[in-house]
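Take a look at the following structure, please.
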Amino acid sequence: MSMYRDFPEDFVWGSATASYQVEGAPFEDGKGASVWNEFEKIPGAMRDDVNGDIACDHYHRYPEDIAHMKNIGLNGYRFSLAWSRIFPDGYGKVNQKGIDHYKRVCETLLKNGVEPYVTLYHWDLPLALQKEFGGWESRETVKYFGEYASKIGEEFKGLIKYYCTTNEFLAASDVAYSMGLIAPGLKLEKKRVNQIRHHLLLAHGTAVSALRAADPGAKISLAENSSFMVPLIDTPEYVDAAKKAFREVNAHFLTAVMEGKYLDCYLEKEGADAPVFTDDDMKIISQKLDWLGLNIYFGKRLRPAPETKEGYHIFEETDLKRQTGIADFYFEPAAMYWGSRIAYELYGLPIYITENGKRSETDKLEPDGKVYDDERIRHLRLQLLYMAKAVREGIPVKGYFHWSLMDNLEWHHGFRPRFGFLYVNYSTMERVPKLSAEWMKEVIRTGRIA
Ligand code: FCB
């Protein structure tokens, strides 16, 4: 057998979680409330009216969860810190017990050969900041996010090297403050939401400065689920159209971070609702990052369209059988290749896939004690094949974080959607590695994808 590897020995194989989705223990050891603790109380806000009081009990069971990572062969773990464990009121008084907890988590990871990749903000804003300042509507929240980042940089030097400032601007702004689907569950008008978008970008940039000042060795990125463009053939015309579309469709988020400006097409489209910003803001927002984290679940197929003003045409999706099960998005494994390639060709940063995964509502524990999640393996294999293509062509895709390590609280969708390598039995909190975990273990061991 040839010794050829699709993925190099030093490839980072990880899994990902977020504090609110797995930790539980919302008020333990001095933690302050987050916006979720209010949101959960609204009848109907959470499917089945569940809450995050226990979630996966990861707060207490992290040693067992890390043992599972080690057993699968995972050498990276992307997780988020709950801001309100560090600053219960969002700012001011520091909660040492929260810091100590995450130090123990990092030490346990490192002892087991797993590198921490830490997200500072994965949607669980301290409630006090929402109440006092309207959350991301205010620049006060941006300022306090910087202070939080600075504290983390100081305290965790030597323990955390890789950071994502924020996770997915779109959910943190629009889904939370315009659609009202996730906490704090507001439906504000466009102008205010656009300002919130801008403040989140500014929070990212402010955290970059703060982390760098506190820990010059930190390797900083963000995790973005941009709209990824998939040209239907690999010719310069198609690829150029895809790049143009990528920059324009993501003009309010990733393009602004990477290029330091809002494209005219965005400002014109928003008109009087466009965000208010200064040149200084744009400088802070667009500091050069060390790497780029992409959450890739979907792709938009497109062709060049000289007959249109934009010059490209994005295909409408009609094939229901190909739905991923997340909102109305469609499975397109080539997004793994094209997302990485286009982002790299435009911006030149090393790429990590900070999330990618498959939702299922049918995973179940069989009488033989196993979980046969064939569908996840089938899905994952195609995703990884396209990632291998990128690696083979020399695009610096350095790591992959599967969403998720374990089944968890899928925000307002509750516990029914399962995304994990580990099946969680919510009555006993027992974790059972699914077939996909065994499959993944072999991919990691051999560095090959069939
Ligand atoms: C991503 C989120 C993550 C999880 C997955 C399924 O958008 O970052 O927390 O909800 O989707």
Side-chain angles (χ1 to χ4, degrees), residues 14-24 34-36 39-40 45-47 50 52 55-56 58 76-83 117-125 163-179 181-183 185 200 204 221-228 250 253-254 292-300 323-332 335-336 339 352-361 363 373 375-376 379-380 383 400-422 424 434 436:
S15 62
T17 63
S19 43
Y20 175 70
Q21 295 182 271
V22 296
E23 283 183 352
S34 87
V35 286
W36 285 91
F39 184 74
E40 294 166 342
M46 306 284 284
R47 186 169 167 194
V50 296
C56 304
H58 184 59
Y77 179 42
R78 176 172 172 246
F79 62 104
S80 78
L81 308 184
W83 181 350
Y117 286 72
V118 170
T119 309
L120 294 182
Y121 183 66
H122 200 132
W123 313 347
D124 49 349
L125 186 75
Y163 285 98
C164 295
T165 53
T166 43
N167 181 75
E168 298 188 0
F169 292 128
L170 181 71
S173 56
D174 294 42
V175 184
Y177 286 89
S178 164
M179 299 160 76
L181 291 174
I182 63 173
L200 279 156
H204 153 75
S221 174
L222 37 57
E224 257 304 85
N225 64 333
S226 302
S227 287
F228 297 105
N250 300 303
F253 297 134
L254 191 67
L292 180 58
L294 303 177
N295 293 0
I296 304 185
Y297 291 91
F298 331 105
K300 291 181 188 294
Q323 281 190 341
T324 52
I326 308 176
D328 288 326
F329 296 108
Y330 295 82
F331 181 51
E332 176 48 272
M336 293 286 275
Y352 288 72
I353 308 301
T354 33
E355 279 183 36
N356 166 257
K358 173 78 176 91
R359 164 185 177 144
S360 158
E361 296 208 2
D363 289 353
D373 58 338
E375 191 56 30
R376 179 166 296 100
H379 189 278
L380 194 48
Q383 306 273 2
Y400 171 89
F401 295 84
H402 184 72
W403 187 272
S404 174
L405 172 67
M406 57 191 152
D407 299 338
N408 59 48
L409 175 49
E410 180 54 16
W411 309 109
H412 59 301
H413 298 295
F415 288 104
R416 282 198 247 174
R418 292 177 180 267
F419 278 91
F421 277 146
L422 307 177
V424 177
K434 301 177 189 173
S436 57

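Remember, it's 1-based here, ligands and their atoms both numbered in the order they're listed.
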Exercise for review: Using a strict 4.0 Å cut-off to heavy atoms of Trp411, name the atoms of ligand 1 that fall inside it.
Suggested key: 3 (C), 4 (C), 9 (O), 10 (O)

Check your understanding: Is the closest N or O pair between Trp403 and ligand 1 shorter than 3.5 Å?
Key -> no

Practice item. Please work out which of the three classes, parallel, tilted or perpendicular, describes the rings of Phe39 and Trp36, given edges at 30° and 60°. Key: perpendicular

Review point. Going by heavy atoms, is Asn225 under 4.0 Å from ligand 1?
Key: no

Exercise for review: Apply salt bridge (charged side-chain N to carboxylate O under 4.0 Å, His left out) to Asp363 and Lys358, showing your working.
Suggested key: CA-CA 11 Å; Asp363 289 353; Lys358 173 78 176 91; over 6 Å; no

Exercise for review: Please could you name the atoms of ligand 1 that Asn167 approaches to less than 4.0 Å, counting only its heavy atoms?
Suggested key: 8 (O)

Practice item. Any chance you could measure Lys300, atom NZ, to Ser226, atom OG, to the nearest 0.5 Å? Key: 11.5 Å

Exercise for review: Describe, in one word, how the ring planes of Trp123 and Trp411 are oriented to each other, choosing from parallel (under 30°), tilted (30 to 60°) and perpendicular (over 60°).
Suggested key: tilted

Exercise for review: For Gln21, take its heavy atoms, then give the atoms of ligand 1 lying under 4.0 Å from any of them.
Suggested key: 3 (C), 9 (O), 10 (O)

Practice item. Show your working on salt bridge (charged side-chain N to carboxylate O under 4.0 Å, His left out) between Arg418 and Asp373 and close with a plain yes or no. Key: CA-CA 10 Å; Arg418 292 177 180 267; Asp373 58 338; over 6 Å; no

Review point. Under the 3.5 angstrom rule, does the side chain of Arg47 hit a backbone N or O of Gly414 as a donor-acceptor pair?
Key: no

**Study point:** Sub-4.0 Å atoms of ligand 1 with respect to non-hydrogen atoms of His122
**Key:** 2 (C), 3 (C), 8 (O), 9 (O)

Check your understanding: If we only count N/O pairs under 3.5 Å, is Glu355 in contact with ligand 1?
Key -> yes

Exercise for review: Could you check if a side-chain atom of Leu222 sits within less than 4.5 angstrom of a side-chain atom of Leu292, using non-hydrogen atoms only?
Suggested key: yes

Point to revise | Which of the ligand 1 atoms, numbered from 1, are nearer than 4.0 Å to a heavy atom of Phe419 | key: 6 (C)

Practice item. Compute the minimum heavy-atom distance from Arg359 to ligand 1 and say whether it is under 4.0 Å. Key: no

